[in-house]
Amino acid sequence: MTVTTPFANWIEQNADQLIARLAESVAIPSVSGDAKYRPDVHRMGAWLAKELEKLNVSVRSVPLGKQNLDGVEVDLPPVIFGEYGSDSKKKTILVYGHYDVQPALKSDGWDSEPFSLTEDKATGRFYGRGSSDDKGPILGWLNVIEAHQKTNTEFPVNLKMCFEGMEESGSNGLEELVIKESKTFLSNVDAVCISDNYWLGTTSPCLTYGLRGLAYFKVSVSGPGADLHSGVFGGTVHEPMTDLFAVFSKLVTPSGKILVPGIADKVAPLTAEEKARYEVIDVAVADFENAIGAKVTLSEDKAEVLMGRMRYPSLSIHGIEGAFSAAGAKTVIPAAVHGKFSIRLVPDLTPSDVNELVQKYLKEEFAKLGSKNTFSVEMLSGGMPWVASIDHWNFRAATKATELVYGKTPDYTREGGSIPITLTFADALGVNVLLLPMGRGDDGAHSINEKLDRSNYIEGSKLLGTYLHEVATQA
C-alpha cells in the first residue's frame with residue numbers, strides 16, 4: 001500500500017533524481033570527530049544550506065565558536081536553521097537532523113568506498129557512510145518540500161529546521177543554542193519531529209516515544225609509585241588491578257541484575273497497558289540473535305528482551321585503562337588502573353541520584369577489601385532519560401501517516417540508547433517530541449557497510465510528507 005497524493009507520486013517518479021542528491025551528500029566526508037576532516041564538515045553544512053536555499057527556505061547559519069580537537073584549534077560546524085512558511089493559521093513543526101557522520105575507511109572492512117554511494121541492484125540497497133545516519137532522513141525533508149513545489153501542492157504546515165554538524169561528537173554548543181532560540185526563533189513551535197533512529201527490525205515501521213539516559217563512570221585505583229615486576233613484588237603489595245576486579249564484581253550479575261542498592265527502587269513501575277505494547281511489537285527473539293550474531297540473549301521471552309533494552313536500566317562494563325593489553329606476555333603489576341562502566345537510565349532515575357548511589361556503594365565495597373590503595377569514583381557524563389506521551393496529536397498524525405504509506409500500524413518503541421537533544425527540545429520548548437525513523441534496524445549505522453534501502457528512502461520521504469499533512473488535520 002502506498003499513498004497516491006500528487007506530491008507522493010512526484011517523489012516516486014523522480015526517485016533517481018532524489019537518489020542523486022543523496023549521493024552528492026554522501027560524497028562529502030563530514031566526519032566531525034577528526035580534525036583533518038573538519039573542512040569537509042563545514043563544506044557539508046554549506047552544501048546543505050545551498051540546497052535549502054534552492055527550495056526557497058530561509059536559512060540562517062549559526063557559528064558555535066571553536067574547539068580543541070586532536071591538539072588543533074578548529075571551528076565548530078554551524079547549526080543550520082531553516083524556515084519554510086509562516087502562516088499563523090497553520091501548525092509549526094520543528095524537524096531535527098545532523099549532517100556529520102562517523103569515521104569510515106575502506107580498510108575498515110567496507111565492501112565499497114564508504115564516501116561513494118554504491119547501489120546493490122539485486123537488493124535495492126545503497127551503501128555509504130551517512131546514507132541512513134543521518135543524511136538520508138535530512139534530505140527526506142528536502143524531498144518533501146520540492147515535491148510540493150513541483151506539484152503546486154499547498155504545504156500543510158510551517159516547517160522549521162535545525163540541522164547540526166556535531167551530533168556524532170557531542171553536539172557541542174547545541175543545547176545552549178536551543179535554549180537561547182526557544183525565546184525567539186523556536187518560540188512558536190507546536191511539536192518536534194526527529195528522524196535519527198531506525199525501525200526495530202527490517203519489516204515493520206515504528207514510532208519511538210522514549211530514550212534511555214546515561215550515567216558514565218570512571219573508577220580509579222592506584223598504589224605503587226610505578227609499575228612493578230610481579231616476580232619481585234607479587235604477593236607483597238596490594239595490587240590495584242585486583243582491587244578493581246573485586247569492586248567491579250559487585251556491580252552487576254551475569255544475568256544483568258544491577259547490584260547497586262536503590263537503583264531498582266527508583267524505576268517507574270510497569271503497567272499492564274505498557275506491558276501489552278511490548279507483547280505486540282512485530283519482532284522475534286531470533287531477530288535480536290541475528291543482530292547480535294549469537295544466541296546469547298538474557299531471556300527467551302520477546303517482551304522481556306524488549307523491556308531489557310527499552311524500559312529497564314542496564315549496567316555495562318566497558319574497559320580498563322592502565323592494564324596490559326598488547327599481544328604476548330608481560331608480567332607487570334600496574335601502578336594504577338581506571339575502569340569504565342555506564343548505567344543506562346530510565347524514568348524515574350536521574351544522573352545525580354544514580355551518582356550518589358554509586359559513589360556510596362562502591363566506596364563501601366572498597367573499604368571492605370582492607371586495601372591500602374587509593375580509590376576514587378567519578379561520573380564522567382550524565383544524561384536524563386526521555387519518555388513522551390503517544391496519546392498526543394503529534395503521534396496520532398505519525399501513526400495515521402504510517403498506516404497510509406506502509407499499510408500497517410507502526411510499532412511503538414523506546415530506544416535503548418540516548419539522543420540528548422531530544423530532552424532539550426522537550427524541556428526548552430515545552431512541546432511533544434516524536435522520533436519518526438526512516439531506516440531499518442539492519443542499516444549498520446556506525447558500522448562498516450552502512451546502507452539505506454531504496455524503498456526506505458523513497459517511501460520514507462513520502463512518510464515524512466504525509467505526516468505533515470496528517471498534522472494539519474489534527475485538532
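Residues: numbered from 1 along the sequence shown. All of these numbers come straight from a predicted model, not from anything done at the bench.
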Checklist entry - With sequence neighbours excluded, what pairs up with F375 under the ring-ring contact (aromatic ring centres under 6.0 Å, His included) test? => result F366

Checklist entry - Closest heavy-atom contact between V285 and E300? => result CG2-O, 3.5 Å

Next on the checklist: Are the side chains of D133 and V101 in contact, using a 4.5 Å heavy-atom criterion?
Outcome noted: no

Checklist entry - Taking only residues two or more places apart in sequence or in another chain, which ones pass side-chain contact (heavy atoms from CB on, under 4.5 Å) with K66? => result E73, D75

Item to check | Chi angles and distances behind the side-chain contact (heavy atoms from CB on, under 4.5 Å) call for L452, D443 | outcome: CA-CA 6 Å; L452 180 64; D443 279 355; 4.0 Å; yes

Checklist entry - When rounded to the nearest 0.5 angstrom, what distance separates OG1 in T350 from CD in E356? => result 9.0 Å

Next on the checklist: When you compare the side chains of K408 and S204, does any donor N or O come within less than 3.5 Å of an acceptor on the partner?
Outcome noted: yes

Item to check | Whether D411 side chain and C206 backbone form a donor-acceptor pair below 3.5 Å | outcome: no

Next on the checklist: If you define the side chain from C-beta out and look only at heavy atoms, does anything of L463 sit under 4.5 Å from T402?
Outcome noted: yes

Checklist entry - Checking S418 side chain against P420 main chain: does a donor-acceptor pair fall under 3.5 Å? => result no

Checklist entry - Of the non-hydrogen atoms in Y99 and P77, which two are nearest, and what is the gap between them? => result OH-CB, 3.5 Å

Checklist entry - Side chains of P313 and V267: closer than 4.5 Å at any heavy-atom pair? => result yes

Next on the checklist: Measuring from atom CZ of R344 to atom OH of Y216, what distance do you get when rounded to the nearest 0.5 angstrom?
Outcome noted: 10.0 Å

Checklist entry - Is there a donor-acceptor contact under 3.5 Å from the side chain of K91 to the main chain of Q474? => result yes

Item to check | Any donor-acceptor pair under 3.5 Å from R129 side chain to I448 backbone | outcome: no

Checklist entry - What pairs of residues pass the side chain to side chain donor-acceptor pair (under 3.5 Å) test when at least one of them lies in residues 244-262, not counting sequence neighbours? => result T253-S255

Checklist entry - Nearest heavy-atom pair of S25 and L139: which atoms, and what distance? => result OG-CD1, 3.6 Å

Checklist entry - Taking all atoms of both residues into account, what is the closest heavy-atom pair of A215 and V354, and its distance? => result CB-CG1, 4.2 Å

Checklist entry - Given the rule in the side chain to side chain donor-acceptor pair (under 3.5 Å) test, do N197 and T208 qualify, once you have shown the distances and angles that lead to the verdict? => result CA-CA 8 Å; N197 65 314; T208 300; 2.8 Å; yes

Next on the checklist: Determine whether F425 and W386 satisfy the following criterion, ring pair (Phe, Tyr, Trp, His ring centres under 6.0 Å), listing intermediate values before the conclusion.
Outcome noted: CA-CA 11 Å; F425 284 137; W386 162 78; over 10 Å; no

Item to check | ring pair (Phe, Tyr, Trp, His ring centres under 6.0 Å) evaluation trace for F155 with Y84 | outcome: CA-CA 9 Å; F155 208 74; Y84 189 70; 5.1 Å; yes

Checklist entry - Is any side-chain heavy atom of R311 less than 4.5 Å from a side-chain heavy atom of R212? => result no

Item to check | NZ/NE/NH1/NH2 to OD/OE distance under 4.0 Å, K302 and E279 | outcome: no

Next on the checklist: Please enumerate all residues that pass side chain to side chain donor-acceptor pair (under 3.5 Å) together with T399, with sequence neighbours excluded.
Outcome noted: Y412

Checklist entry - When rounded to the nearest 0.5 angstrom, what distance separates CG in N456 from CZ in R440? => result 4.5 Å

Checklist entry - Is the number of heavy atoms from other residues, nucleotides or ligands under 6.0 Å of K340 NZ greater than 12? => result yes

Item to check | Criterion salt bridge (Lys or Arg N to Asp or Glu O under 4.0 Å) on D453 and K451, from CA distance to verdict | outcome: CA-CA 7 Å; D453 289 74; K451 60 86 177 172; 2.3 Å; yes

Checklist entry - Is the Lys NZ or Arg CZ of R60 less than 6.0 Å from the centre of F185's six-membered ring, within 45° of the axis? => result yes

Checklist entry - Taking S182 for the side chain and I179 for the main chain, is one N or O donor matched with an acceptor at less than 3.5 Å? => result yes

Next on the checklist: side chain to side chain donor-acceptor pair (under 3.5 Å), that's the test. Do N355 and S352 meet it? Break it down for me.
Outcome noted: CA-CA 5 Å; N355 184 38; S352 59; over 6 Å; no

Item to check | Of all pairs that satisfy side chain to side chain donor-acceptor pair (under 3.5 Å), the ones with a partner from residues 159-171, not counting sequence neighbours | outcome: S32-S169, Y96-E164, H98-E167, Q102-E168, K160-N188, E164-S171, E168-H446

Checklist entry - Could you walk me through whether E364 and K360 pass the salt bridge (Lys or Arg N to Asp or Glu O under 4.0 Å) check? => result CA-CA 6 Å; E364 289 174 351; K360 180 177 183 295; 2.8 Å; yes

Item to check | Distance-minimising heavy-atom pair for L69 and G33 | outcome: CD1-O, 3.9 Å

Item to check | Side-chain H-bond candidate by donor/acceptor type, R309 with S314, under 3.5 Å | outcome: no

Checklist entry - Taking only residues two or more places apart in sequence, or in another chain, which ones meet Y278 in a side chain to side chain donor-acceptor pair (under 3.5 Å)? => result E274

Checklist entry - How many angstroms lie between atom CG of L362 and atom CG of L251, to the nearest 0.5 angstrom? => result 5.5 Å

Checklist entry - Parallel, tilted or perpendicular: which fits the ring planes of F341 and F217, with parallel below 30° and perpendicular above 60°? => result parallel

Item to check | Stepwise side-chain contact (heavy atoms from CB on, under 4.5 Å) test for E181 and F81 | outcome: CA-CA 10 Å; E181 295 287 340; F81 281 132; 3.7 Å; yes

Next on the checklist: Within 45 degrees of the ring normal and closer than 6.0 Å to the centroid, is that where the cationic atom of R277 sits relative to Y209?
Outcome noted: yes

Checklist entry - Looking only at side chains, do Y457 and N143 share a donor and an acceptor under 3.5 Å apart? => result yes

Next on the checklist: salt bridge (Lys or Arg N to Asp or Glu O under 4.0 Å), that's the test. Do K36 and D70 meet it? Break it down for me.
Outcome noted: CA-CA 9 Å; K36 69 175 178 287; D70 302 332; over 6 Å; no

Checklist entry - Any side-chain heavy-atom pair from L48 and F163 closer than 4.5 angstrom? => result yes

Item to check | Side-chain heavy-atom pair N432, V192 within 4.5 angstrom cut-off | outcome: no

Next on the checklist: I'd like to know if the side chain of S132 pairs up with that of E450 as donor and acceptor (distance under 3.5 Å, no hydrogens or angles considered).
Outcome noted: no

Item to check | V377 backbone acceptor or donor facing Q359 side chain under 3.5 Å | outcome: yes

Checklist entry - Say you draw a straight line from CG of L177 to OG1 of T424; how long is it, rounded to the nearest 0.5 Å? => result 11.0 Å

Next on the checklist: Ignoring hydrogens and geometry beyond distance, is a side-chain donor-acceptor pair present between S30 and K135 at under 3.5 Å?
Outcome noted: yes

Next on the checklist: Testing the basics here: between V31 and Y37, what is the closest heavy-atom pair and its distance to 0.1 Å?
Outcome noted: O-CB, 3.4 Å

Checklist entry - When you check the side-chain N and O atoms of S86 and N158, is any donor under 3.5 Å from an acceptor? => result no

Checklist entry - Can you find a heavy atom in the side chain of L306 that is under 4.5 Å from one in the side chain of I281? => result yes

Item to check | From S316 atom OG to I343 atom CD1, the distance as rounded to the nearest 0.5 Å | outcome: 9.5 Å

Item to check | Side chain proximity check, V95 to I194, heavy atoms < 4.5 angstrom | outcome: no

Checklist entry - Should R43 and D40 be marked as a salt bridge (Lys or Arg N to Asp or Glu O under 4.0 Å) after you check the CA-CA gap, both sets of side-chain angles, and the distance that decides it? => result CA-CA 5 Å; R43 183 159 62 95; D40 293 304; 2.9 Å; yes

